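Below is one structure, written out as structure tokens; comments come after it.
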Amino acid sequence: SFRSWCDECVHGRKDAPPHCRTKRGAGEIPEVSFDYAFVRRDDEEHVATLLVMKDRDTRCVRAWLLPHKGVDLEETVNRAVAGVHELGYRGRVLIRTDGEAALTALRDAIIEALPEGATPVKTPVGESASNGGVENSVRIFKGLLRVHLAALERRIDAKFPSAHPVLTWLVEHVGDVISKYMVSADGKTAYERLFGRPVREEGLEFGETLHWRHRPAKDMNVVLDTRWSSGVWLGRKWGGIIHLIYA
């Protein structure tokens, strides 16, 4: 077994010291980390690219399916910036990524698009554990993405390729589930830390068929058309109770 007093054990097996997270004090700058993740089916060559965001203080996790890795698409930067704003951050914020060229370029583009002020934070080479906890969040996210995809495929008795549009909605839903329902050691979810209260909404399964009510109209009591239609539940809008339904 490993012995700290043995030079050979230390040289051959010792890990880097743990990266202990300290709670942000009053007046300290919030920090948001970004990382890329990649997924595909066993029989595919196509690899889907995901952008994963992790907030250091609330531990909220969000993810988006991207057309491909890189920052030449304005939509990628816009989604990241919207993710920062939807955490409630309006002043200066730290943006952390590792030193990979594609992520560094994305980080710089995000900082440029945050007019309130942002500062880059670069994770040291080989020290992925210090990347704001986003590495572990990516592992958790991939595991739950497999779970929810398998549940959906079992219900409909079919398989989705990684390029299918349903993955766009499922990826965002899984991030929502992690933030709203995954309880940390302090007994709270990320949603509770962000909004100050637990989730108060009914739980629905992704892909569930339901009825949705049409918008009220002034002549709705006169016309004979139905007031409800069937649809497929695709999750909720971030931070709210608005349902996203495919009609």
Side-chain angles (χ1 to χ4, degrees), residues 33-54 59-80 82-83 86 100 102-103 106 128 131 133-183 189-191 199 201-212 228-247:
S33 301
F34 290 91
D35 198 5
Y36 285 118
F38 307 96
V39 293
R40 66 172 176 84
R41 308 304 303 237
D42 284 339
D43 56 352
E44 289 181 336
E45 291 187 6
H46 173 268
V47 178
T49 303
L50 315 178
L51 178 66
V52 180
M53 181 185 83
K54 171 73 176 292
R59 292 172 235 174
C60 280
V61 174
R62 296 193 68 184
W64 301 272
L65 183 67
L66 304 179
H68 57 78
K69 188 176 178 180
V71 294
D72 54 333
L73 293 179
E74 186 178 349
E75 180 185 359
T76 303
V77 176
N78 289 343
R79 287 193 174 190
E86 286 166 350
E100 186 183 352
L103 276 168
L106 175 63
S128 60
N131 192 14
V134 72
E135 294 277 344
N136 185 52
S137 296
V138 168
R139 285 192 293 271
I140 294 172
F141 177 87
K142 284 184 176 181
L144 281 173
L145 180 61
R146 285 190 290 266
V147 168
H148 285 266
L149 181 60
L152 175 63
E153 291 176 337
R154 179 170 57 94
R155 291 180 65 232
I156 67 170
D157 193 23
K159 279 202 169 187
F160 291 100
S162 59
H164 195 281
V166 75
L167 266 295
T168 301
W169 302 98
L170 185 59
V171 162
E172 295 190 36
H173 172 64
V174 170
D176 200 53
V177 168
I178 292 173
S179 296
K180 286 181 176 177
Y181 300 106
M182 183 166 285
V183 179
T189 64
Y191 185 92
V199 174
E201 60 190 36
E202 72 276 21
L204 297 171
E205 187 172 357
F206 185 91
E208 185 173 342
T209 301
L210 44 67
H211 293 101
W212 61 277
W228 294 74
S229 294
S230 297
V232 178
W233 194 74
L234 299 176
R236 294 179 186 270
K237 189 173 181 180
W238 167 258
I241 61 173
I242 297 175
H243 298 276
L244 303 173
I245 300 171
Y246 173 73

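For clarity, every value in this text was computed on a predicted model and none was experimentally measured.
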Are [X] and [Y] side-chain neighbours, meaning at least one heavy-atom pair lies under 4.5 Å?
X    : Y    : result
M182 : L144 : yes
K54  : F141 : no
F38  : L50  : no
Y36  : L51  : yes
M53  : S33  : no
R79  : E172 : yes

- Message: If the condition is ring-ring contact (aromatic ring centres under 6.0 Å, His included), which residues does W238 pass it with, not counting sequence neighbours?
- Response: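 Listed in chain order: nothing, the list is empty.
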Could you measure the distance from the [atom1] atom of [X] to the [atom2] atom of [Y]? Nearest 0.5 Å is fine.
X    : Y    : atom1 : atom2 : value
L66  : E75  : CG    : CD    : 8.0 Å
L244 : W233 : CG    : CH2   : 8.5 Å
I178 : L145 : CD1   : CG    : 9.0 Å
T189 : R59  : OG1   : CZ    : 10.5 Å

Specify the closest pair of heavy atoms between [X] and [Y], including all atoms of both residues, with the distance to one decimal.
X    : Y    : result
A37  : V52  : CB-CG2, 4.2 Å
W212 : S230 : NE1-O, 3.4 Å
A48  : S162 : CB-O, 4.0 Å
L204 : L210 : CD1-CD2, 4.0 Å
I245 : G231 : CG2-CA, 3.8 Å

- Can you list the residues that meet the salt bridge (Lys or Arg N to Asp or Glu O under 4.0 Å) rule with E201, with sequence neighbours excluded?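 Listed in chain order: K180, R236.
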- Message: Does Y246, at its OH atom, have more than 12 non-hydrogen atoms belonging to other residues, nucleotides or ligands within less than 6.0 Å?
- Response: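 Incorrect, the count does not exceed 12.
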- Item | Residues, nucleotides or ligands: over 12 heavy atoms within 6.0 Å of I156 CD1 |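 Yes, the 6.0 Å shell around CD1 holds more than 12 heavy atoms from other groups.
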- Taking only residues two or more places apart in sequence, or in another chain, which ones meet W169 in a side chain to side chain donor-acceptor pair (under 3.5 Å)?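 Applying side chain to side chain donor-acceptor pair (under 3.5 Å) to W169 gives none.
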Can you list everything that forms a side-chain contact (heavy atoms from CB on, under 4.5 Å) with [X]? Sequence neighbours excluded, please.
X    : result
V166 : L152, F160, H164, F206
E205 : A151, R155, E208
K237 : I242
R41  : D43, E44, L149, E153, K159

- Task: Scan residues 136-146 for pairs that pass salt bridge (Lys or Arg N to Asp or Glu O under 4.0 Å), counting only residues two or more places apart or in two chains.
- Result: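 Residue pairs with at least one partner in residues 136-146: there are none.
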- Please answer whether the main-chain N or O of Y191 pairs with a side-chain N or O of S179 as donor and acceptor at a distance below 3.5 Å.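 Looks like no, no N/O pair under 3.5 Å.
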